[in-house]
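Within every chain, numbering begins at 1; the chains are lettered A, B, ... in the order of the sequence lines, protein sequences first and strands thereafter.
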4 protein chains.
Amino acid sequence: MRAAVFGAAGYGGIELVRLLQGHPEVELVYLADPAFEGKRVPEVFPHLTGSVELHFEAPSVPRAVECADVIFFCLHPGIAMDMVAEALDAGRVVLDFSADFRLKDRERYEAYYETHRQPALLSKAVYGLPELHRKALANTRLVAVPGCYPTSGTLALAPLVANGLVDTNCLVVNSASGVSGMGRKPSLPGHFPECNEDARAYGIGIHRHTPEMEQELGRLTSEPLKVLFVPHLIPVSRGIVTTAYAPLRRECTTADLLEAYREFYRGEPFVRVRGESESVSLKPIQGTNYCDVGVRADSRTGMAVALASLDNLGKGLSSAAVQCMNVCCGFDETAGLRQPAIWP
Amino acid sequence: MRAAVFGAAGYGGIELVRLLQGHPEVELVYLADPAFEGKRVPEVFPHLTGSVELHFEAPSVPRAVECADVIFFCLHPGIAMDMVAEALDAGRVVLDFSADFRLKDRERYEAYYETHRQPALLSKAVYGLPELHRKALANTRLVAVPGCYPTSGTLALAPLVANGLVDTNCLVVNSASGVSGMGRKPSLPGHFPECNEDARAYGIGIHRHTPEMEQELGRLTSEPLKVLFVPHLIPVSRGIVTTAYAPLRRECTTADLLEAYREFYRGEPFVRVRGESESVSLKPIQGTNYCDVGVRADSRTGMAVALASLDNLGKGLSSAAVQCMNVCCGFDETAGLRQPAIWP
Amino acid sequence: MRAAVFGAAGYGGIELVRLLQGHPEVELVYLADPAFEGKRVPEVFPHLTGSVELHFEAPSVPRAVECADVIFFCLHPGIAMDMVAEALDAGRVVLDFSADFRLKDRERYEAYYETHRQPALLSKAVYGLPELHRKALANTRLVAVPGCYPTSGTLALAPLVANGLVDTNCLVVNSASGVSGMGRKPSLPGHFPECNEDARAYGIGIHRHTPEMEQELGRLTSEPLKVLFVPHLIPVSRGIVTTAYAPLRRECTTADLLEAYREFYRGEPFVRVRGESESVSLKPIQGTNYCDVGVRADSRTGMAVALASLDNLGKGLSSAAVQCMNVCCGFDETAGLRQPAIWP
Amino acid sequence: MRAAVFGAAGYGGIELVRLLQGHPEVELVYLADPAFEGKRVPEVFPHLTGSVELHFEAPSVPRAVECADVIFFCLHPGIAMDMVAEALDAGRVVLDFSADFRLKDRERYEAYYETHRQPALLSKAVYGLPELHRKALANTRLVAVPGCYPTSGTLALAPLVANGLVDTNCLVVNSASGVSGMGRKPSLPGHFPECNEDARAYGIGIHRHTPEMEQELGRLTSEPLKVLFVPHLIPVSRGIVTTAYAPLRRECTTADLLEAYREFYRGEPFVRVRGESESVSLKPIQGTNYCDVGVRADSRTGMAVALASLDNLGKGLSSAAVQCMNVCCGFDETAGLRQPAIWP
């Protein structure tokens, strides 16, 4: 299958390019990025020398539609809405990396982002978490690839919420992300001497990824559900580690909770449930499509502590998009995604 | 005043040595560390070349008592209990870095540590947080220097608890610490290639610093109080950033909460309350005795989010000990501690 | 082909395991490491959960010989000499990661290491640099996998030496390595708080990798050749960047030198010659078998500056061993090694 | 003495502000930076909360001249030339951080920078290395604060050159610098995900700091002298480690060379000669005015290897300026500079 990528020179885009160049069912045919138009990919990303010889082109949906079967839009919210519609109209499979088609509720979208120009597509889009929407993904042509934080928070808490094990009045989601989550555009907060040897919370309670978690976790329960989300920036390049807190509804042990997790994720190729004596950390997931999860019951305080780690550019974005494409296009769901992390 | 330091070659010990060498009222006269007996300090710690010319000696309380007025024990829990008693009997001022004299309740100590061999001293020891125990510190000869995590959690939450602003059934304290918190002894979790580019929770709900926070925050309220404490390891050398969560008892704004913080910490030389648009992060406190704190009210979920940052070897340990010594000995409380952090 | 690995739980060993589990022609059948005997691989290396399900076994050459066709020894110098001999006697293909069979001159080996117990094998072993010894590698059963620094220094300078472009009286090789080069065993120099935010030269002029570079570069010229090698430790997990200096024999431009490099490495699948406006750096090679090289002529001083970067656990060790195995066993030389680096 | 700082919000400027706020003889009265005009210093640099309460002002030499005795210009080359002249005309002591007054030879300046607008001042300016120009510094009002790399290269090699111990045809200076050397302005090469876990050479043989080293080392010998300078970028915030290479003129031992270093730097308060078994590294100098130096004789190749480490914002810039000011103004040369580094 032939693939086109818009926004190919951002971190999400180029990680997608790396994954697609090694995918057994995909041929990369078109890469667009206005900032580097006319340059060969390895001139901008030397790690792809010998692997990708395409040039970055000017963005053109007609051109992409002409040459590709599946089109990825790796752009910021609000930019590609109409391009997505155009590509869908031309019959292509579309995977969108922005937030534009993630929230089913147009008003919530507009509260956090901007006026939606293609609201008719909201009902057609499927949220790209195969663990929750595999069947729908197999029957759509528009995938809204989830945000990195929401995937970690949702996969961390889903078994607790779906099984009614915790109060959902206020799920606290505490996450720490590497700096690549800010994108490739230089900025003071991402300047090495500023963020190296530093760590801080930001966007406390008001981060745009909050409604995504509430939407996806909310689907798993009939009770009211709210998420208090607090992201942190830590000095690593890639990866998110999430620690979430919720009051247990009844006494139970860590072993009970782990059993629920193992059951919930049984057969999932990319969710690994870590046991009571195991950590949930970044190294095992960097560069991969894995999300590692864990859980503890704290009997002293009656709380559940749910854990998740994933690569913000892997299961948090680009490799998740490949997994969705695999489901969408009927390929083996793990095609092109079996490479484990490196150590150390 | 003449000072002696036991355990002078650990991270806490050598940071203390650095601070005392620049203290206007102190003369360093005795440094003990069996691992480096006979070596000049700069042979082991080249940064002190030209600043400290003493040798590390074999540990001997009689020798320390003979030459020093104030004695610091920078050793792991359980090791120095009897040495502390011996130094006190000889009339010296003692500051102990271990957990041995922090918990007033012997049973809680023994539940988390080991049999206490000097229980009679527990009532004499003062917990070394001048913000909460300034008067008692001025009238004791035994200071239990607090743990790094408890100082961050306690200072983050104290104004909320003391003012009855939050439910104290379960205070969630989520902290992230730099690797120096593990000490100087090499280990696999602290091996650079293992912890670099990694992050993880550990000791979930069972960390030994939990009862300290419960004791100190518990003193500020008559209601039952529990802490769920989850520390994380992040790849920085120094510093702890704490994000704590508690349900608000009544509606209030961030401005209301900040006002309570400003009032609570008014006049404190080393607690800086950061405003609503400001971060609480590591760079401004590294190498210093400052603890930066902040707070947010999240009206959507009815939660308070309390923030603190400090240097685990500064306000979290060694410079805190100097501050306590200043109070204890009647010096200007900021003597030797006015140096701000470097940037970047 | 069935493969066995001794020393499988070191950094070199486990990187090899990662590569072999994804190799189309190889089946991993036996992993030995006494430290973790009986444990499943993912219990020790969680990144391989779902990828490798073998257990670590006790080291036994007879057992390895029984089940495997090719045997890798990833052990420190001096340990596996006799095991190598035993495996060869049994007709197996052997790739040795230690220095034991790299130096043709037994006396030089013994000057830098210890008494050689299998000197008869020295003439049979082939130095595992396909760029210099491809034909011999195709006809041996004993490969001495090169050291990480020597591969970088040799590939950086080979075209200059082979073409007689520089004086070889004293080739200065200045390298900087990531901390994984020290191995996985915890030590003070590799303790995160000690090496983070630090950098230093070590082993100045006396590092054991010096004679390897002199041997391999010396083969390319009939003139006397000496290397002054100065390694540095820098705070990255993986990778070596080498900058080498040599006096030019005659005036020439950077373009001239680059032409010599392109000619020398023409057709090489894993050596990428970077142009005059391009950097030679770590990110493009981490986790891969690539060695990036570059060169500059400095007309002001009449010097050539040669550059190389590689992953000390990739082309510097484990993936280099896979490349050698591919040559040795008649597989496509790039089998299992085509994955580019990730970015960022 | 009252001090004014132009460019106070760059890395060099704010480090100077930190040092001056703790200097016993100095009162900070004026800080200029157009980017932050009107903001209080702690709003931009939270580490100075409680230490510096001034506002950043618009740049105005008349205003600075009016209120200050000594004026620091922490600006890029070419910007402050005329302001320097104006401040000198008004009788003030001026310390300039740019390259504008470092090179005595106007043509060399113009070859590497731009047209010089104040060439008459070149002969009046004194190069701010007290180790080489202490007397002249005591008798000038215009100090050209040296570049960070030149100070490291010059102090590393000076004893070898001054004593005629090495050939000076081509001194190779290989340096590695932390990212703060690029300044505070965000850029792609300094973006955390781009430079973290990376290392690379840049500006090979053509870096602007080359002529400074040639000028200063050239003053120590009557023979022709050239420097081949190759800087590298490594992922640390602060610090430069330099390894320099030169052919020995005659056989000598490391002990001989160290003796020359100890003699050359005898009495110097901020140059520490490290012995044969000691490293020269970043941690002991970060945040300080120290330059650590070392040297080895490599008898195998007849080469000297000279080592230096310093903080690019300390002895490499801002604290060096304070040392020069101390000499210039007749203060104790170590005033405000005695604080050792922190560890770890």
- Item | Check: Glu197(A) side chain, Ser237(B) main-chain N or O, donor-acceptor pair, under 3.5 Å | yes
- Please state whether the side chain, the backbone, both or neither of His191(A) comes within less than 4.5 Å of a heavy atom of chain B. neither
- Message: Need one label for Arg300(A): side chain, backbone, both or neither, based on atoms under 4.5 Å from any heavy atom in chain B.
- Response: both
- Region of Glu214(A) that comes under 4.5 Å of a non-hydrogen atom in chain B: side chain
- Message: Looking at Lys283(A) and Pro193(B), would you say the former's side chain and the latter's main chain have a donor-acceptor pair under 3.5 Å?
- Response: yes
- Note on the structure: Ranking Asn174(B), Thr210(B), Asp298(B), Thr301(B) by heavy-atom pairs under 4.5 Å to chain A gives rank one to Asn174(B)
- Query: How about Lys104(A): does its NZ atom have over 12 heavy atoms from other parts shown lying under 6.0 Å from it?
  - Reply: yes
- Task: For chain A, find which of Asn169(B), Val280(B), Val230(B), Asn196(B) contributes the most heavy-atom pairs closer than 4.5 angstrom.
- Result: Val230(B)
- Out of Ile234(B), Val241(B), Ile204(B), which one racks up the most heavy-atom pairs below 4.5 Å with chain A? Ile204(B)
- Is the closest side-chain heavy-atom distance between Arg200(B) and Leu282(A) below 4.5 Å? no
- For chain A, which residues of residues 221-228 of chain B have heavy atoms nearer than 4.5 angstrom: Lys226(B), Val227(B), Leu228(B)
- Task: Using non-hydrogen atoms and a 4.5 Å limit, figure out which bit of Tyr202(A) sits close to chain B: side chain, backbone, both or neither.
- Result: neither
- Query: Out of Ser279(A), Ser281(A), Ala176(A), Pro235(A), which one racks up the most heavy-atom pairs below 4.5 Å with chain B?
  - Reply: Ser281(A)
